[in-house]
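What follows is a short report on a single structure.
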Amino acid sequence: MAKGTVAVDRNTHAQSKQASNAQTFMNSSPAKNFQVLLERISLTASERTAALRRAESVCRNLNNYPLVQDCFVTGSLARSTAIQTFSDVDIVAVIRNEPNISEDSTLAISTISGLLSRTYVEVQDFDSAVRITFPSELGVDVVPALSAGNNSSGFALYKIPIEQRAWIDYAPEEQNQQIAQLTRKLGEGFKHAIRLTKWWSRTHGSPIPSYEIEYIASRTAKNWKHIPPPEEALTAFLGEATKISKKLADRRQSVVREASLIAQEALELSAQGDTVGSITRWRCLLGEQFPAVVF
């Protein structure tokens, strides 16, 4: 047999063994536990399609009113980072800047709420959006927005409501592109890690808003050459979140810092071979949907 053939055979054998080891790892704890959790918390394709159709229906309704200049779906559903139970469909309704609205965001909320109440039964006002609730389906959050030109990167910029009658800048298309670019570079595992972080946040009182989690994830992963296992990516995102926690209220700061510590402990226990201890810490962080069994 030629030497070149032997070299090829050895390389093929090494690659096959490496792939086999990777598959074995994915079928063992805690990697398998994360795989099961992601299956439980991710929306199915049919659920996502149904939610998008519902959102498009709400947009068509709003576009009938002269006050509304534009309406589009955005947020977690548009970027495929939504999670079961806690995600709503986000719609941005760009409205004309009527007198006094730019000085008081609650006027925009109440105006949009009034329009939606003409068609939908369960409509509820919040500081940053108007929520429409549908039986046994994802709700729809309608976010009033004022057009504010373009940001420094050239993306369309909007003002959207926050608490205390104020407005903040929002560039949804820039965030869409960031998530899409990193997903092309790193694969779907990037979005999986975002969903895990959102699940942690929503099961602990939402110390970090969904859009902020996506920003943290993008900032953390921008220099990654490949996506690490989900537990490592989640730990990295939580570590980065502690850096912005100073902006949060004291209680929320402590929740974020504790989560980062628990994730680090879980990784260390796994590295030491204590699979049961690692799973216990992950369940503390991610709740009962995280499987307790050792695979």
Please report, to 0.1 Å, the donor-acceptor pairs under 3.5 Å made by any side chain of residues 143-156, with sequence neighbours excluded.
unit_1	atom_1	unit_2	atom_2	d
N151	OD1	S153	N	3.0
N151	OD1	G154	N	3.1
N151	OD1	F155	N	2.9
N151	ND2	E174	OE1	2.9
S153	OG	E174	OE2	3.3

Quick one: does [X]'s side chain get under 4.5 Å of [Y]'s, heavy atoms only?
| X | Y | value |
| --- | --- | --- |
| V58 | L116 | yes |
| I83 | S76 | no |
| I262 | W200 | no |

Do S260 side-chain atoms and R257 backbone N/O form a donor-acceptor pair below 3.5 Å? no
Please check if the side chain of D90 supplies one atom and the backbone of T74 the other of a donor-acceptor pair under 3.5 Å. no
Would you give me the side-chain donor-acceptor pairs under 3.5 Å for residues 49-56, sequence neighbours excluded?
unit_1	atom_1	unit_2	atom_2	d
T49	OG1	A45	O	2.9
R54	NE	E137	OE1	3.2
R54	NH2	E137	OE1	3.1
R54	NH2	E137	OE2	3.2

Applied to residues 111-149, the ring-ring contact (aromatic ring centres under 6.0 Å, His included) test, sequence neighbours excluded, yields Y120-F134
So the ring-ring contact (aromatic ring centres under 6.0 Å, His included) pairs with at least one residue in residues 58-78 (sequence neighbours excluded) are F72-Y158
Among all residues two or more places apart in sequence or in another chain, which pass the side chain to side chain donor-acceptor pair (under 3.5 Å) test with Q84? E47
Students often mix this up, so state it plainly: with edges at 30° and 60°, are the rings of F290 and W282 parallel, tilted or perpendicular? tilted
Quick one: which residue pairs count as a salt bridge (charged side-chain N to carboxylate O under 4.0 Å, His left out) with a foot in residues 220-230, not counting sequence neighbours? none
